[in-house]
Amino acid sequence: MAAAAARSFGPEREAEPAKEARVVGSEFVDTYTVYIIQVTDGSHEWTVKHRYSDFHDLHEKLVAERKIDKNLLPPKKIIGKNSRSLVEKREKDLEVYLQTLLAAFPGVAPRVLAHFLHFQFYEINGITAALAEELFEKGEQLLGAGEVFAIRPLQLYAVTEQLSQGKPTCASGDAKTDLGHILDFTCRLKYLKVSGTEGPFGTSNIQEQLLPFDLSIFKSLHQVEISHCDAKHIQGLVTSKPTLATMSVRFSATSMKEVLVPEASEFDEWEPEGTALEGTVTAVIPTWQALTTLDLSHNSISKIDESVKLIPKIEFLDLSHNGVLVVDNLQHLYNLVHLDLSYNKLSSLEGIHTKLGNIKTLNLAGNLLESLIGLHKLYSLLNLDLSNNRIEQMEEIRSIGSLPCLEHVTLLNNPVSIIPDYRTKVLAQFGERASEVCLDNTATTEKELDTVEVLKAIQKAKDVKSKLTNPEKKVGEDSRLLAAPCARPSGSPLTAAPTSASLPQPILSNQGVAQP
């Protein structure tokens, strides 16, 4: 079905197949019979359930509005209306009735018939008409409120298809359903949320996450959140480069390139705009000049690829819950201060300081780390989450004990955290700064500080004895517990530890589009 959807996406879309409606069964509910209707529109199918009285109401409206034959609908029965024989005959008669109506209106179905068959949820014309009418009535209010507007991939797919067909923007003749209302709204919208479903949508066989759609109709986006869509089928997102400040793409991508530089597959070699060109470059690609926050968590990304060159102004980067093996290419992000790499597959941090020179918050929870070598030169680091790793040795803590600005450290659920007197032994690694460090989201107590002082005195005595025993041997740097203090404003209090070092969440609202 995804292949069929992809084939229909574009100017060479095949002629629309005739829609069908079949009554495939019935079920007895309380004191009446409900008929199960299967509607087919090309490769898309969905089911609708109606009792006979619903058919009767539909027929009355069509007779009044469209002058159809009043005898077309099978007559109402009072005696034996729920008998099996009558129900089976009525199933066949009602199917003939629906097929006759669809044949009578091959283009755009009358509104009452379209709603009866749930076209507003599943069929291209019905979806766009319903969306246009909603924005005609509420569009200005939504834009004025500055809230996030939620839309489904299926709705975007329908709008994209409508635009590709080159038909009049108001096929139904009702000005409220004119496609222009959608285009006017999307041109001015600043905050967008696109959320698909993991399985079939509603009562249909439509896999929303596989549908292609084009976002180039949005001209003023500042923030976009996309989830459960196939990034390879999303077009037009790059048109928002001049304005987009915050972007979240989750449960959708297999690589960073799919999101940041989808056009890369067309070129052998490319470089970001503004860099000195060397060698054979077949394309110069504009950067995401306004983007400062990027959330690519909960995807299937295994590599931090060179596409990060296109996001030079990024300050917050969330790559948590992926499959990243190595920290790479982040040296291009000079403004990066908050990085979330939690729940990936990192096993080594060697050389990480050469790629994260100005980092302040670093979340490495849920990885495969045994050693902390590589963190010892992150001199700007304030918050560090190392929970749920494989750190066993107290000696590893020395790599972070000398960091001058570190205030919040989390080591929960590591083997080292079950060592007797674990907290005081960890705090002792910070020397004179022990009182400034919040360990595992718990402030340091006076009793712990007293114990740290005792440990420091014992260590100092050991150092003196070592010098006397080996007068020509210099004690190495890793035997020192005292660390240089980080410069801070006088009287600045130690703030409470954050519950997580992850990125700030994008602004959301309760505005959404209801499922059927």
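Heavy-atom basis, side chains included; hydrogens, waters and symmetry copies ignored.
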So CG of D295 and CG of L317: to nearest 0.5 Å the spacing works out to 9.0 Å
Problem - Min side-chain heavy-atom separation T47-I37 under 4.5 Å - result: no
Value for CG (N205) from OG (S43), rounded to nearest 0.5 Å, stands at 7.0 Å
*NZ or CZ of R90 within 45° of Y52 ring axis and under 6.0 Å*: yes
N/O donor-acceptor pair under 3.5 Å between E20 side chain and T40 backbone: no
| message | Could you check whether any side-chain N or O of N329 sits under 3.5 Å from a backbone N or O of I304, counting only pairs where one atom can act as donor and the other as acceptor? | response | yes
Please verify the inter-ring angle class for H338 with F316; under 30° counts as parallel, over 60° as perpendicular, anything in between as tilted.
parallel
* Can you find a pair of side-chain heavy atoms, one from L294 and one from D318, that are under 4.5 Å apart? -> no
Just wondering, are more than 12 heavy atoms of other shown residues or ligands nearer than 6.0 Å to NZ in K355? yes
To the nearest 0.5 Å, atom CD of Q165 lies from atom CG of L163 at 9.5 Å
- Message: Could you check whether atom NZ of K309 has more than 12 heavy atoms from other residues, nucleotides or ligands sitting under 6.0 Å from it?
- Response: yes
**Report entry** Plane angle bin for F55 and Y35 - parallel if under 30°, tilted between 30 and 60°, otherwise perpendicular
**Finding:** perpendicular
With L154 as partner, the option from V159, I206, I124 fulfilling side chain to side chain contact (heavy atoms under 4.5 Å, CB included) is I206
Between E27 and K49, does any side-chain N to carboxylate O distance fall below 4.0 Å? yes
For E91 and S26, the nearest pair of non-hydrogen atoms, with its separation, is OE2-OG, 2.8 Å
Quiz item: Going by the angle between their ring planes, with limits at 30° and 60°, are H50 and F116 parallel, tilted or perpendicular?
Solution: parallel
Side chain to side chain donor-acceptor pair (under 3.5 Å) with E208: of H228, R152, Q155, only one passes, and it is R152
Taking every heavy atom of L179 against every heavy atom of Q162, the minimum-distance pair comes out as CD2-CB, 4.1 Å
One should read off an interatomic distance between F136 CZ and I182 CD1, to the nearest 0.5 angstrom, of 13.5 Å
Taking R111 first and then E65, would you say they form a salt bridge - that is, a charged N and a carboxylate O separated by under 4.0 Å? no
Check: Would you find more than 12 non-hydrogen atoms of other residues, nucleotides or ligands less than 6.0 Å from K313 atom NZ?
Finding: no
Original post:
Between F185 and F149, does the ring centre distance come in under 6.0 Å?
Top reply: yes
### Task
Check the pair F201 / W46 against side-chain contact (heavy atoms from CB on, under 4.5 Å), numbers first and verdict last.
CA-CA 9 Å; F201 174 62; W46 62 93; over 6 Å; no
One should read off an interatomic distance between E140 CD and D184 CG, to the nearest 0.5 angstrom, of 6.5 Å
d(H56 NE2, L73 CG) to nearest 0.5 Å is 7.0 Å
K19 and E123 have their tightest heavy-atom pair at CE-OE2, 3.2 Å
